[in-house]
Engineer: 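What follows is a structure written as C-alpha cells; I'll ask about it next.
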Amino acid sequence: MVGNLALSEINVHHVLQFLDRPATSTAAFRRGHSLLRRFFEYWAVRGEMAEMPMPPNRPPQRSSFLPYIYTKEEIRSLLRSAPLPKTKNDKIHYKTLRAALLMLYATGATLGEVTRLVHENVDLQHGSITFSGSQLQTARSIPIGRDLVRVAQRYVSWKERTRQRSEFFFPRVDGKEISPRILRDHFERLRTTANIVGRGESSHMPVLRDLRPTFAVHRITSWIRRKDDLNQMLPALAAYMGNAGLESTERYLQLAPERFRGALNKLSTQKTQTLWR
C-alpha cells in the first residue's frame with residue numbers, strides 16, 4: 001500500500017491509509033489495527049522503530065444480530081419429530097440426533113464442542129462433561145443435571161445394545177465424527193418437519209446454533225422467577241458456557257421475556273454504570 005519504505009519511515013498517515021479504506025467494516029478495521037499494533041511492537045522492541053505509528057482505533061460496534069429463542073414447546077416438538085424425517089442416505093441415526101440436540105440445549109455448548117466429544121470426556125458416574133475448548137471458547141469441565149445424565153445413560157445403553165463402535169460420543173452411523181455441517185443439515189429437516197418458522201424480534205430463520213442462546217435465556221428466566229442474585233449467576237453462566245468475559249453473556253439479558261423487563265431494567269449495567277461483580 002505505501003511502497004518499499006523502511007519501518008522507521010512509516011507514519012500514522014500510512015497506517016490510516018491502509019486501514020481506513022471505503023469498504024472496510026468496523027470489525028475489519030479493529031482486526032487490522034490489532035495485528036499492525038502487535039507487528040510494530042515487535043520491531044519497536046528491537047530498535048527498528050522509534051515510536052508506534054498507530055492512529056486511534058475505531059470503537060467497538062455491538063452487533064445488532066438477535067438469535068432466535070426457542071420456546072420449551074418448540075424444543076419438545078423438535079425432539080418428538082426426531083424419528084420422522086428419515087432418508088436412506090442419512091449419516092446420523094435419529095437417536096444420536098435427539099441425544100445431541102438435548103446435549104446442546106441442556107449445556108449451552110457450541111456445535112463444535114458437542115460434535116468433538118469423545119467417550120473419555122463424558123463422566124456419567126459423576127455427572128460431568130469436559131469440553132476441550134477452542135480459539136473462542138475456554139476449556140472447561142462442567143456438571144450436568146440428572147435429567148441429562150439419564151438421557152445420556154439411555155443413549156449409551158442403546159449404542160452398546162446395537163454394538164456401535166466409535167471413539168466419538170455422538171458418531172455418524174459409520175462411526176466417524178459428525179461434521180457440524182451434517183448436523184445442521186439434519187436439523188434443518190427436523191425444523192421443517194416440526195414447522196418452526198421463526199417469529200418475534202429475530203431477523204432470521206431459526207437454526208441449530210440458536211440452541212445455545214436459548215439455553216442461556218431459559219436459565220436467566222428461571223433465575224429471575226426464583227429471584228436469584230444475577231450478580232452471582234451471570235458470572236457462573238459465563239464460566240459454564242466457556243465465555244472469556246461477561247459481555248456476551250450480558251447480551252442474553254435483552255432476550256429474556258418482556259414480562260421481566262422491569263426487573264432487568266433495575267439490574268441494567270448501562271444505567272448504574274457498574275459492572276457485574
Engineer: Test: salt bridge (charged side-chain N to carboxylate O under 4.0 Å, His left out). Region: residues 176-187. Which pairs qualify, not counting sequence neighbours?
Structural biologist: R181-D185
Engineer: Examine distances only and state if a side-chain atom of H218 and a backbone atom of Y70 form a donor-acceptor pair shorter than 3.5 Å.
Structural biologist: yes
Engineer: Sub-3.5 Å donor-acceptor pair from the side chain of S157 to the main-chain atoms of Q153, do we have one?
Structural biologist: yes
Engineer: Taking the side chain from H126 and the backbone from S128, do they hold a donor-acceptor pair closer than 3.5 Å?
Structural biologist: no
Engineer: Please identify each residue that fulfils ring pair (Phe, Tyr, Trp, His ring centres under 6.0 Å) with H14, with sequence neighbours left out.
Structural biologist: none
Engineer: Between P59 and T26, which heavy-atom pair has the shortest distance, and what is it?
Structural biologist: O-CG2, 3.6 Å
Engineer: Under a 4.0 Å N-O cut-off, is there an ion pair linking E73 with R80?
Structural biologist: yes
Engineer: Over all heavy atoms of both residues, which pair between A106 and L148 is shortest? Give the atoms and the distance, please.
Structural biologist: CB-CD2, 3.8 Å
Engineer: Considering all heavy atoms of both residues, which atom of S166 and which atom of P171 are nearest to each other, and what is their separation?
Structural biologist: OG-CB, 3.4 Å
Engineer: Check ring pair (Phe, Tyr, Trp, His ring centres under 6.0 Å) between H33 and all other residues, then give those that pass, not counting sequence neighbours.
Structural biologist: none
Engineer: Are any side-chain N or O atoms of Y155 and backbone N or O atoms of R98, one a donor and one an acceptor, separated by less than 3.5 Å?
Structural biologist: no
Engineer: Does a side-chain N-to-carboxylate-O contact under 4.0 Å join E41 and R38?
Structural biologist: no
Engineer: Out of curiosity, F187 CZ to L183 CG, how far, rounded to the nearest 0.5 Å?
Structural biologist: 9.0 Å
Engineer: Taking R189's backbone N and O only, do any of them form a donor-acceptor pair with T193's side chain (distance below 3.5 Å, no angle check)?
Structural biologist: yes
Engineer: Report yes or no: do L211 and V207 belong to one cluster of Ile/Leu/Val/Met/Phe/Trp/Tyr joined by side chain heavy-atom distances under 4.5 Å?
Structural biologist: no
Engineer: Among residues two or more places apart or on two chains, list those pairs meeting salt bridge (charged side-chain N to carboxylate O under 4.0 Å, His left out) that have a residue in residues 11-20.
Structural biologist: D20-R58
Engineer: Search all heavy atoms of A139 against all heavy atoms of S132 and return the closest pair with its distance.
Structural biologist: CB-O, 3.3 Å
Engineer: Applying side chain to side chain contact (heavy atoms under 4.5 Å, CB included) to Q164 and W158, what does each step give before you reach the verdict?
Structural biologist: CA-CA 9 Å; Q164 294 195 29; W158 168 75; 2.8 Å; yes
Engineer: Give the minimum heavy-atom separation between A152 and L124, together with the two atoms involved.
Structural biologist: CB-CD2, 3.6 Å
Engineer: Under a 3.5 Å distance rule, please check whether K159 uses its side chain to pair with a backbone N or O of T96 as donor and acceptor.
Structural biologist: no
Engineer: Under the salt bridge (charged side-chain N to carboxylate O under 4.0 Å, His left out) definition, can you give me all pairs with a residue in residues 212-223, not counting sequence neighbours?
Structural biologist: none
Engineer: Under the 3.5 angstrom rule, does the side chain of D90 hit a backbone N or O of I92 as a donor-acceptor pair?
Structural biologist: no
Engineer: Minimum heavy-atom separation for I10 and P53, please, with both atom names.
Structural biologist: O-CB, 3.5 Å
Engineer: List the atom pairs, donor and acceptor, that lie under 3.5 Å between side-chain atoms in residues 108-117 and the rest of the protein, sequence neighbours left out.
Structural biologist:
{"from": "T110", "atom 1": "OG1", "to": "E113", "atom 2": "N", "distance (Å)": "3.2"}
{"from": "T110", "atom 1": "OG1", "to": "E113", "atom 2": "OE1", "distance (Å)": "3.4"}
{"from": "E113", "atom 1": "OE1", "to": "T110", "atom 2": "N", "distance (Å)": "3.0"}
{"from": "E113", "atom 1": "OE1", "to": "R140", "atom 2": "NH2", "distance (Å)": "3.0"}
{"from": "E113", "atom 1": "OE2", "to": "R140", "atom 2": "NH1", "distance (Å)": "2.8"}
{"from": "E113", "atom 1": "OE2", "to": "R140", "atom 2": "NH2", "distance (Å)": "3.3"}
{"from": "T115", "atom 1": "OG1", "to": "L111", "atom 2": "O", "distance (Å)": "3.2"}
{"from": "T115", "atom 1": "OG1", "to": "G112", "atom 2": "O", "distance (Å)": "3.2"}
{"from": "R116", "atom 1": "NH1", "to": "G112", "atom 2": "O", "distance (Å)": "3.4"}

Engineer: Do R21 and F18 form a cation-pi contact, if we require the NZ or CZ to be under 6.0 Å from the six-membered ring centre and within 45 degrees of the ring's axis?
Structural biologist: yes
Engineer: Is it the case that one hydrophobic cluster holds both L104 and V156, taking links as side-chain heavy atoms less than 4.5 Å apart, direct or via other members?
Structural biologist: yes
Engineer: For the residue pair R46 and Y42, would you count it as a cation-pi contact if the rule is NZ or CZ under 6.0 angstrom from the ring centre and within 45 degrees of the ring axis?
Structural biologist: yes
Engineer: As an exercise, state the distance from CG of L101 to OG of S81, rounded to the nearest 0.5 Å.
Structural biologist: 10.5 Å
Engineer: Quick check for you: to the nearest 0.5 Å, what is the distance between I178 atom CD1 and F168 atom CZ?
Structural biologist: 9.5 Å
